[in-house]
Amino acid sequence: MQGLLNDWRRSNYAKDTTPEIAGEDVTIMGWVHEIRDLGGIIFVIIRDVTGRIQITAPSKKVDAEILEELRAFRKESVVAVKGTVQEAGKAPNGVEIIPKEIKILNLSNQPLPMDPTEKVKAEIDTRLDSRFLDLRKENVSAIFKIKGQMFHTIRDFFYENGFYEINTPKLVASATEGGTELFPITYFEKEAFLGQSPQLYKQMMMGSGMDKVFEIGQIFRAEEHDTLRHLNEAVSIDAEASFMDDEDMMKVLNDMLVNVIADINENCANELEILGHELPEAEGDFPHVTYDEAVDIINSKGVEMDWGEDLSRAAEKALGDTMGGFYFLTKWPSAIKPFYVMPFEDDEKYAHAFDLMYNNLELSSGATRVHQYDLLVKQIEERDLNPDGFGSYLKAFEYGMPPHAGWGVGADRLTMVLTGSENIRECVLFPRDRHRLTP
RNA sequence: GCCCUGGUGGUGUAGGGGCUAUCAUGCGGGCCUGUCGAGCCCGCGACUCGGGUUCAAAUCCCGGCCAGGGCGCCA
C-alpha cells in the first residue's frame, strides 16, 4: 500500500532546518507548496505548520529516479523527503535540502478549488467552502494561532485567580427568557432549544458555594442578522463570581485583557507580523463612561439618540470615534437590561450593568446580578415574562444565594480585535451564519 | 427582514442585443541547471436558474437562488 509512514518520522520542521545543521541528514514532511522544474534542476517548496523549506534537486547531484519522483509531485500533495541540509544563501531560509529519498504520502487532486499560494485571491465564500485549504495559508492560520493563545491566557488567568472551569448544558427546555430567538430542536418526545447563554446556569452555580466559575462554550442565537460581527453560533467566555459587584468584575475583565494582550505580544510576534497587525494598547485601567455621558457624546456628534434607547449602529460608531480603544460603558437604564440585572438602590431606573467596548464593537456585557428572590420575580414580571417558566432557576434563589456579578465576552469578536479582522467569519474556523450550515 | 450592488473557465476578472466571449492564475504537454510572482511555446476550461421581450439574449425585463456592502434584529 502506498502512502504509509512505515518507519519514516519527521526529524525537523521547516523552521528548525537552519544553516547551523548544514551537512546533516533530515526528514521533512509537509505539503507541496510550489514546484519549479527548470529541466536540469528542480526546486520544490515544502510547507509545514512552521513555515517553508526548499528542496533542490540538480540533475548532476541526485539520481534520475529521484527526479522522476519529484516530477510526479502535484501541488498540495503531502510528501516526505529525506536529504542533506545544505547552506544556500539564495534559498528562502538560507538552507536547501538535497534529496536522497522521497515518499508521496497522499497525492492531491487537481485543479484545486482555490489557490493556497494566493496568486489569485478568493472571496470569503469560496474560501469557507474549502476552509481546510484556506487554512493552509499562513495569514489564515495565524488568526487561529492567536485565538488559541487568547484562550490559553484566559484559562491561565482564571485558574490563577481561583475560578473553577465549568460546563453547562446547551440543550435547554426553556424558551421563556425573552430576548433573542432560539433554535428549536426535537428532544425525544419533547420540544427543546439550543442554549442562548449560560447565564442562568452560572448564576445557579453561585448558589452552589463554588464562589467563582467560568465557562468557555458555544452559544446559539436564531437571529436573522447578516452583518460582519454576528454569527448564529458563537463562543462565549462567561465568568461569574460571588461576593463581588459590577466594579469588581470590570476589574477582573480589565486585568484579563491586559494579560491577553501582553501574552499575544510576547508569544505571537510572528503571527502578528504575518497579519501586519499591531495590538491595541492595554495597560492599567480602561476608561469608564456612563450611559448618560454616552448619550450626550452621541448627540453632540449629530447622531440622534433618546435617553432610554439602546445604541444604534450609528450611535456605536459615534461613541467609538470619541472614546477609541477599550472602554467600559456603565450605569445603563434598567429598562433595556435583562431581568437579572441589579438596579441602583437609590435610583432604580439605573442598573449596575456595563458593556465593554472596543471602538464601536461591543465585546462584553456584564452586571451585578439580582440575588434576592422577590426582586427577581418582580423584574421578571415587569418584562412580561412568566416566573413559572423559571422554576428551577428561581429555586436556587430561595435557599441562600450570595450577592454576585459576572460577564460574558464574545470570544470571536475579541479575536477580531486581536487579529485586525473586519469580518467575524475570519475568526471562526467553520462559521455558522444566516445562510451557511456547511462545512 | 429591508435598501443598494452584483453573479462570466477551478480561482479572480474584462465585456454588456448579432464576430471564434477578454485577461491573469491554474491545469495538461513541450523546452530550459539557481528558481524564489521563474521564463518561453502549444493546448484545456466559463456566461447562476426559471420565465418573458426580440429575427437574435451572457447582455434588456420579471421572479427565484446565491453573494458583497449598509441597516434592522441581537434579554
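We name chains A, B, ... by the order of the sequence lines, and we start the count at 1 in each one. From a predicted model like this one, the values you see are computed outputs, not experimental measurements.
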Given [options], identify the nucleotide with an atom nearest to the side chain of [X].
{"X": "A:P338", "options": "B:rA38, B:rA75, B:rG12", "answer": "B:rA75"}
{"X": "A:A88", "options": "B:rG34, B:rG72, B:rC27", "answer": "B:rG34"}
{"X": "A:K317", "options": "B:rG34, B:rC73, B:rC71", "answer": "B:rC71"}
{"X": "A:I41", "options": "B:rA75, B:rU33, B:rG72", "answer": "B:rU33"}
{"X": "A:R434", "options": "B:rG1, B:rC32, B:rG28", "answer": "B:rG1"}
{"X": "A:S197", "options": "B:rC73, B:rA75, B:rG37", "answer": "B:rA75"}
{"X": "A:Y340", "options": "B:rA75, B:rG12, B:rC73", "answer": "B:rA75"}
{"X": "A:R36", "options": "B:rC32, B:rG1, B:rC36", "answer": "B:rC36"}

Remember a base hit wins even if backbone is also touched, and classify [X] as base, sugar-phosphate or nothing at under 4.0 Å, heavy atoms.
{"X": "A:S312", "value": "sugar-phosphate"}
{"X": "A:I124", "value": "sugar-phosphate"}
{"X": "A:K60", "value": "base"}
{"X": "A:R436", "value": "nothing"}
{"X": "A:Q110", "value": "sugar-phosphate"}
{"X": "A:L228", "value": "sugar-phosphate"}
{"X": "A:T126", "value": "sugar-phosphate"}
{"X": "A:D226", "value": "base"}

[M] and [N], which share atom name [atom1], separated by this distance in whole Å:
{"N": "B:rC73", "M": "B:rC66", "atom1": "P", "result": "24 Å"}
{"N": "B:rG12", "M": "B:rG72", "atom1": "P", "result": "30 Å"}
{"N": "B:rG7", "M": "B:rC47", "atom1": "P", "result": "14 Å"}

[N], OP1 or OP2 - any side-chain N/O from [X] closer than 4.0 Å?
{"X": "A:H435", "N": "B:rA67", "value": "yes"}
{"X": "A:R229", "N": "B:rC74", "value": "no"}
{"X": "A:R52", "N": "B:rC36", "value": "no"}

Distance-only donor-acceptor test, [X] side-chain atoms vs [N] base atoms, 3.5 Å:
{"X": "A:H230", "N": "B:rC74", "result": "yes"}
{"X": "A:E96", "N": "B:rG34", "result": "yes"}
{"X": "A:E123", "N": "B:rU11", "result": "no"}

First encountered from the 5' end of RNA chain B, between A:A314 and A:T56: A:T56

Select from A:K61 and A:K121 the residue whose nearest nucleotide in RNA chain B is closer to the 5' end of that strand. A:K121

For the residue pair A:I45 and A:I53, establish whether any side-chain heavy-atom pair is separated by less than 4.5 Å. no

Min side-chain heavy-atom separation A:I166-A:Y201 under 4.5 Å: no

Name the pairing partner of [N], where a pair is Watson-Crick or G-U wobble with both distances under 3.5 Å, or state none.
{"N": "B:rC71", "result": "B:rG1"}
{"N": "B:rG43", "result": "B:rC27"}
{"N": "B:rG6", "result": "B:rC66"}
{"N": "B:rU33", "result": "none"}

Determine whether a donor-acceptor pair (N or O, by modelled atom type, separation under 3.5 Å) exists between the side chain of A:H404 and the backbone of A:P402. yes

For A:L319, run the side-chain contact (heavy atoms from CB on, under 4.5 Å) check against A:V303, A:N360, A:V295, A:L329 and tell me which one passes. A:L329

Cation-pi geometry met for A:K212 and A:Y164 (6.0 Å, 45°): no

For A:M249 against A:W407, the heavy-atom pair lying closest together: O-NE1, 2.9 Å

For residues 95-107 of chain A, which residue pairs qualify under salt bridge (Lys or Arg N to Asp or Glu O under 4.0 Å), counting only residues two or more places apart or in two chains? A:D25-A:K100

